[in-house]
Amino acid sequence: MIPMVNLKAQYTEIKDEIETGLAKTLTNCTFILAENVQAFEKEAANYLGVKHTIGVASGTDALHLSLLAIGIKAGDEVITTAFTFIATAEAIKYVGATPVFVDIDPKTFNINPLEIEKAITPKTTAIIPVHLFGQPIDLTPIKQLCEQHNLKLIEDCAQSFGATIDGKQTGSIGEASAYSFFPSKNLGAFGDGGLVATNSDDIARKIKQLRNHGSNQRYYHEVIGFNSRLDEIQAVVLRAKLKRIDSYNQARRHSAHLYSQLMQDLPLTTPFEDNLGLHVYHQYTLLSARRDEILQGLQQQNIGCAIYYPVPLHQQTVFKPYYHNLSLPVTEFVAANCLSLPICANINDETIEKITTTIKSLL
Ligand SMILES: *Cc1c(COP(=O)(O)O)cnc(C)c1O
């Protein structure tokens with residue numbers, strides 16, 4: 001059995017450090033917004049090269065609170081991609097705005113800036129690009145559109161912790177950026193967690209308030225907020241993993257390059273790397289017309305693999321009635337032909353050789 005993500009192997013390596021930190025938190029009984037969350041926020045801001053980070057309960061909340069803090073509201077249109085996890089669009093709906101889905105680049109699977117430009121209307125107030133599968137998207141043209149049309153830029157970095165472009169971290173460009181610490185993400189907690197990064201003092205203050213019942217001072221409430229805090233237990237785990245995130249991402253890159261090298265002669269498309277930045281391979285996703293055959297063959301051999309994402313957002317049951325006239329040919333093609341193979345910081349070369357040999361025999 002080869003899993004998509006081997007979390008146990010990663011835990012074994014850092015068990016002592018995490019357990020020492022957890023024991024201290026349990027002994028002190030300091031569970032909410034205490035020293036580890038504070039320290040993690042500082043360490044993460046330092047790592048990401050941003051002025052503020054704010055720990056929240058999930059990546060979904062990080063997106064939701066960012067949109068609220070920036071002032072995106074009912075009636076607004078927010079341009080994003082349909083080839084992403086549902087949370088990107090859910091957050092837009094939470095604030096009453098309308099997701100406007102545009103097509104992706106066929107090579108990187110990231111949102112296509114030329115399509116963004118065509119979709120801008122007087123109601124557009126924000127753009128949410130997703131650094132999908134860990135491939136950083138060049139935000140230069142998108143930032144330019146934002147400046148021209150007075151739009152806010154919110155980066156969905158749920159899959160790109162540690163990815164850089166032009167020497168800058170993903171998440172350091174937009175007004176606010178959202179990270180997820182879902183266990184299988186590149187920086188994963190032992191449960192749910194998320195983070196907002198921003199260089200704006202105002203947005204940071206608003207998000208701190210929103211995550212904690214609209215309050216900056218205990219029992220004094222200025223706005224209706226939420227219970228959306230990163231907890232101390234998760235912060236202990238995240239601090240231990242943050243120290244090692246570059247080597248985790250390097251290991252993912254090594255594995256991805258080995259996959260691509262071993263499959264270079266096969267009739268399938270290995271992931272494209274645009275060399276503008278550092279792709280951190282949250283997923284290793286290939287394209288093949290015989291995707292379903294490969295999927296079944298791997299499953300029969302107990303090799304984990306998955307389709308991210310089988311149904312683009314505009315075709316999901318929840319959105320379909322509102323988008324039945326929308327056609328996104330590249331998105332639809334990629335969804336019909338993509339397949340993600342096991343990748344994580346702890347997969348070894350022999351495992352990758354076994355998987356590629358199996359794919360070779362299937363084709
Ligand atoms: C995981 C993910 C989210 C949501 O994060 P959660 O922590 O699970 O709420 C948002 N956007 C994308 C692209 C994701 O992959």
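Whatever order the structure lists ligands and atoms in, that order sets their numbers, starting from 1. Since the model is a prediction, treat every value here as computed from it, not as a measurement.
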| field | Polar atom proximity, D192 to ligand 1 (N or O, under 3.5 Å) | value | no
| message | Looking only at distances, can you tell me whether any N or O atom of F181, backbone or side chain, sits closer than 3.5 Å to an N or O atom of ligand 1? | response | no
How close does the nearest protein non-hydrogen atom get to [atom], and which residue and atom is it?
{"atom": "atom 9 (O) of ligand 1", "value": "T60 OG1, 2.5 Å"}
{"atom": "atom 2 (C) of ligand 1", "value": "K185 NZ, 2.7 Å"}
{"atom": "atom 11 (N) of ligand 1", "value": "D156 OD2, 2.9 Å"}
{"atom": "atom 15 (O) of ligand 1", "value": "Q159 NE2, 2.8 Å"}

Using a strict 4.0 Å cut-off to heavy atoms of [X], name the atoms of ligand 1 that fall inside it.
{"X": "T84", "result": "13 (C)"}
{"X": "T88", "result": "11 (N)"}
{"X": "S58", "result": "7 (O), 9 (O)"}
{"X": "V130", "result": "13 (C)"}

| said: If the threshold is 4.0 Å, N to carboxylate O, is there a salt bridge linking E17 and R244? | reply: yes
| field | Pairing of K107 and D274 as salt bridge, 4.0 angstrom limit | value | no
| field | Options A158, G59, P183, ranked by nearest heavy atom to atom 3 (C) of ligand 1, top entry | value | A158
| message | On a heavy-atom basis, I'd like to know which of S180, G188, G193 is closest to atom 6 (P) of ligand 1. | response | S180
| said: Could you measure the distance from the CG atom of N212 to the CZ atom of F226? Nearest 0.5 Å is fine. | reply: 12.5 Å
| note | Separation between CE (M263) and CG (L286), nearest 0.5 Å, reads 5.0 Å
| Main-chain N/O of F85 paired to T88 side chain as donor or acceptor, under 3.5 Å | yes
| message | Is it the case that the side chain of R252 and the backbone of Y248 share a donor-acceptor pair, with hydrogens and angles ignored and the cut-off at 3.5 Å? | response | no
